[in-house]
Amino acid sequence: MRDIDPEQRIYAVLAAIPSGVVVTYGQVAELAGLPRAARLVGRTLRHLPADSTLPWHRVINAAGKISLPLDSDSGKRQIARLQEEGLVVKGGRISLSKYRWRA
DNA sequence: ATGGTGACTTGGC
DNA sequence: TGCCAAGCCACCA
């Protein structure tokens with residue numbers, strides 16, 4: 001049998017992230033068995049279809065900030081969803097020490 | 001083939 | 001806490 005594609009692994013990790021928490025790109029990469037592939041994760045999310053049901057909004061960068069222009073549609077959508085899940089978002093920043101998910 | 005780019009990360013000040 | 005430089009990896013002109 002052949003291995004699962006990197007993208008499929010990333011999708012699986014995303015689907016496992018519970019509501020109310022966030023993870024970093026690098027964390028997703030590691031959980032997917034793809035160390036140092038943080039950029040690949042970002043690129044994969046960029047290619048997600050608009051109708052995807054995956055919780056891509058729970059992924060932020062290592063600085064604890066939204067990696068999208070805060071004034072873009074996607075950026076505003078991500079902030080809105082995180083707030084709906086109860087997180088405090090200030091200036092596009094989220095407290096990793098409080099909301100980071102530990103698997 | 002070669003260099004630039006980006007939804008990234010880490011280490012040094 | 002914040003800015004910079006380097007490292008990293010896949011994609012694109």
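Every chain is numbered from 1 and lettered A, B, ... according to where its sequence line falls, protein lines coming before strand lines. Worth saying up front: this structure is predicted, and the values here are computed from it rather than measured.
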S.K.: Distance-only, no hydrogens or angles: does the A:Asn61 side chain make a donor-acceptor pair with backbone N or O of A:Ala63 under 3.5 Å?
M.R.: yes
S.K.: Specify the separation, in whole Å, of atom CD of A:Glu30 and atom P of C:dC9.
M.R.: 13 Å
S.K.: Would you call A:Thr24 and A:Arg100 a side-chain contact if the rule is heavy atoms closer than 4.5 Å?
M.R.: yes
S.K.: For the pair made of CG in A:Leu40 and C1' in B:dG6, what is the distance, rounded to whole Å?
M.R.: 12 Å
S.K.: Just the rounded figure in Å: distance from C1' of C:dA10 to CG of A:Leu45.
M.R.: 14 Å
S.K.: Using the side-chain contact (heavy atoms from CB on, under 4.5 Å) criterion, which residues pair with A:Lys98? Sequence neighbours excluded.
M.R.: A:Ser95
S.K.: Identify which one of A:Leu87, A:Val21, A:Val88 satisfies the side chain to side chain contact (heavy atoms under 4.5 Å, CB included) criterion when paired with A:Ile94.
M.R.: A:Leu87
S.K.: What is the distance, rounded to the nearest whole Å, between atom OH of A:Tyr11 and atom C1' of B:dA7?
M.R.: 14 Å
S.K.: Could you list, one pair per line, each protein nitrogen or oxygen that sits under 3.5 Å from a nitrogen or oxygen of nucleotides 8-13 of chain B, together with the distance?
M.R.:
residue, atom, partner, partner atom, Å
B:dC8, OP1, A:Ser67, OG, 2.7
B:dC8, N3, A:Arg39, NH1, 2.7
B:dC8, N4, A:Arg39, NH1, 2.5
B:dC8, N4, A:Arg39, NH2, 3.2
B:dT9, OP1, A:Tyr25, N, 3.3
B:dT9, OP1, A:Gly26, N, 2.9
B:dT9, OP2, A:Ala62, N, 2.7

S.K.: Of all of residues 85-103 of chain A, which get a heavy atom below 4.0 angstrom from DNA chain B, listed by number?
M.R.: none
S.K.: Would you say the side chain of A:Leu31 lies within less than 4.5 Å of the side chain of A:Trp101, judging by non-hydrogen atoms?
M.R.: yes
S.K.: Taking CZ from A:Arg43 and C1' from B:dA7, how many angstroms apart are they, rounded to a whole number?
M.R.: 11 Å
S.K.: Measure from NE2 on A:His47 to C1' on C:dC12 and round the result to the nearest Å.
M.R.: 11 Å
S.K.: Pairs counted only when both distances fall under 3.5 Å, Watson-Crick or G-U: show me the 5' to 3' dot-bracket for DNA chain B, [ ] for pseudoknotted crossings and | for other-strand partners.
M.R.: .|||||.||||||
S.K.: Considering heavy-atom distances to DNA chain C, does A:Lys65 or A:Arg36 have its closest nucleotide positioned more toward the 5' end?
M.R.: A:Lys65
S.K.: Please tabulate, one pair per line, all N/O donor-acceptor pairs under 3.5 Å involving side-chain atoms of residues 49-57 of chain A, not counting sequence neighbours.
M.R.:
residue, atom, partner, partner atom, Å
A:Ser52, OG, A:Leu54, N, 3.1
A:His57, NE2, A:Glu85, OE2, 2.9

S.K.: Which residue pairs pass the side-chain hydrogen bond (donor to acceptor under 3.5 Å, both in side chains) test when at least one of the two sits in residues 30-44 of chain A, sequence neighbours left out?
M.R.: A:Arg43-A:His47
S.K.: Can you confirm whether A:Val89 sits close enough to A:Gln78 that some side-chain heavy atom of one is under 4.5 Å from a side-chain heavy atom of the other?
M.R.: no
S.K.: Within a strict 4.5 Å, meaning less than it, do heavy atoms of the A:Leu45 and A:Leu14 side chains meet?
M.R.: yes
S.K.: Please examine the side chains of A:Val13 and A:Val23, heavy atoms only from C-beta on, and report whether any two atoms are closer than 4.5 Å.
M.R.: no
S.K.: OG/A:Ser67 to CZ/A:Arg46 distance, rounded to the nearest 0.5 angstrom?
M.R.: 13.0 Å
